[in-house]
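Read the structure below first, then the notes.
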2 protein chains.
Amino acid sequence: MKTMKISEAVVRRLPVYLRFLNELSKKNVQTVSSQDLGQKLDLNPAQIRKDLAYFGEFGKKGIGYDVDYLIEKIRQILKLDKIIPVALVGAGNLGRALCNYNAYLKDNMKIIAVFDSHGSKIGDTINNLKVKPTGEMKAIIQEQKVRIGIITVPAAEAQHVANQFVEAGVEAILNFAPMIIKVPAEVRVHHADFTTELQSLAYYLD
Amino acid sequence: MKTMKISEAVVRRLPVYLRFLNELSKKNVQTVSSQDLGQKLDLNPAQIRKDLAYFGEFGKKGIGYDVDYLIEKIRQILKLDKIIPVALVGAGNLGRALCNYNAYLKDNMKIIAVFDSHGSKIGDTINNLKVKPTGEMKAIIQEQKVRIGIITVPAAEAQHVANQFVEAGVEAILNFAPMIIKVPAEVRVHHADFTTELQSLAYYLD
DNA sequence: TAGATTGTTAATCGATTAACAATC
DNA sequence: TAGATTGTTAATCGATTAACAATC
């Protein structure tokens with residue numbers, strides 16, 4: 001099963017499971033069934049079992065899933081069992097907001113460098129990180145083995161930043177700019193676009 | 001066709017079309033084909049034609065789509081042809097960042113009120129908006145006919161804010177807190193969760 | 001007219017859900 | 001043992017893509 005291709009929909013649900021399991025763990029809940037999970041997360045229990053079964057047999061028939069064991073397994077699947085260094089470009093309001101999530105990301109992902117191309121921002125300190133000029137991006141990314149890049153610059157600069165990330169060897173990009181960026185197929189891009197999100201929400205108004 | 005139920009996937013693509021069409025319009029491009037659109041947006045042309053055809057016959061055979069006409073139509077479909085008042089709760093970094101997008105949202109959606117429950121934030125001015133105490137939420141939301149609510153408070157407070165939104169009569173919620181919130185079925189909720197986004201991205205690292 | 005491109009039907013593909021034997 | 005719940009197969013459902021007649 002290890003070689004089977006996993007659908008994007010499945011991968012997107014794993015972090016949702018993980019978050020809820022973490023809450024259960026904090027409350028010292030030992031065991032959870034797909035039934036329970038489905039109820040809380042508004043998902044079909046069969047779907048949850050199937051999602052997990054792609055990666056192994058994590059449950060016990062008649063019992064359910066051990067919460068802490070399942071957390072460990074999902075963290076492994078998502079590669080969150082070791083620190084992933086992240087860099088962010090664009091020290092505007094959104095960039096600052098995301099840097100301050102650093103604490104929230106716990107021990108797995110860490111924004112370890114922040115860049116901006118505008119002199120006025122360079123040298124600022126955000127959450128203990130000094131904003132550096134984009135000219136230093138490549139060197140720092142390679143030196144610190146940054147694997148994920150976050151783009152929070154204006155739309156017009158997004159593609160340029162993406163190019164720099166790719167050249168520096170970043171493996172995946174989370175793009176907050178309202179602009180589709182083109183990268184080589186081996187680099188994974190996710191879009192997190194606040195405006196499209198809001199606009200599609202408007203559709204559902206009466 | 002007006003009564004047919006449109007899938008969520010279709011609705012999520014419409015704002016993406018809209019954004020690209022706006023760029024074309026700015027460049028004075030008059031006409032675009034599904035071929036062109038598909039190329040730029042990494043989508044199948046047949047899918048684009050089908051998406052649009054759910055709502056009417058907007059194109060001309062042999063020619064393509066008139067850019068400005070299509071913009072107008074998509075704006076109507078998404079109900080962006082009139083101003084939609086939006087309120088935001090949580091004047092932290094993320095909330096501030098989103099308020100500053102106000103300009104970007106052009107004339108269709110407008111964050112017209114910002115609330116926070118912490119005394120230290122109340123009275124601050126963000127992008128010409130004064131942060132008000134959450135106690136005033138209901139009155140202001142009803143008075144100003146706010147239709148969409150944005151939640152940018154910590155996870156622990158998200159459900160409480162959602163309840164207040166629902167009670168005040170908000171029709172849809174965009175939730176940035178990393179927490180699933182429960183609302184009555186008639187209220188639409190979208191989750192825009194930065195951490196799950198980043199975590200699913202990690203899966204694709206080698 | 002010839003070339004291009006839509007709108008739409010039919011075919012394909014993939015994801016979700018139901019059902020149930022296995023088993024704790 | 002009886003009850004509960006998994007892992008997995010089969011059935012269903014829905015979304016994407018291909019193909020093409022209509023027509024600008």
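Numbered from 1 within each chain, the chains take letters A, B, ... in sequence-line order. Just so it is clear, the structure is predicted and the values come from calculations on it, not from any experiment.
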Using distance alone, with no hydrogens and no angle criterion, decide if B:Asp68 and B:Ser25 have a side-chain donor and acceptor under 3.5 Å apart.
yes

Between atom [atom1] in [X] and atom [atom2] in [N], what is the gap in whole Å?
X       : N      : atom1 : atom2 : value
B:Gln39 : C:dT5  : CD    : C1'   : 15 Å
A:Leu37 : D:dT5  : CG    : P     : 12 Å
A:Leu52 : C:dT16 : CG    : P     : 14 Å
B:Glu8  : C:dT16 : CD    : C1'   : 15 Å
B:Tyr54 : C:dT9  : OH    : C1'   : 12 Å
A:Phe58 : D:dT8  : CZ    : P     : 11 Å
A:Ile48 : D:dG7  : CD1   : P     : 12 Å
A:Asp51 : D:dT6  : CG    : P     : 13 Å

OP1 or OP2 of [N] under 4.0 Å from side-chain N/O of [X]:
X       : N      : value
B:Tyr65 : C:dA4  : no
B:Arg13 : D:dT16 : yes
A:Ser34 : D:dT6  : yes

Would you indicate which nucleotide in C:dT6, D:dT8, D:dT6 comes nearest to any side-chain atom of A:Ala53?
D:dT8

When every nucleotide of nucleotides 17-24 of chain D is labelled 5' to 3' by its protein contacts under 4.0 Å (heavy atoms), B for base, S for sugar-phosphate only, - for none, what sequence of letters results?
BBB--BBB

Passing option when B:Gln199 is tested against A:Val11, A:Ile84, A:Leu18 for side chain to side chain contact (heavy atoms under 4.5 Å, CB included):
A:Leu18

Difference in axis direction between the ends of the helix from C:dG3-D:dC24 to C:dC24-D:dG3, five pairs, 10°:
10°

Could you check if a side-chain atom of A:Phe115 sits within less than 4.5 angstrom of a side-chain atom of A:Val131, using non-hydrogen atoms only?
no

Student check: side-chain heavy atoms of A:Phe55 and A:Ile74 closer than 4.5 Å
no

Pair B:Gln159-B:Asn163, side chain to side chain donor-acceptor pair (under 3.5 Å): steps then yes or no:
CA-CA 6 Å; B:Gln159 181 62 59; B:Asn163 295 346; 2.8 Å; yes

A:Lys79 NZ/CZ over B:Tyr203 ring centroid, <6.0 Å and within 45° of normal:
yes

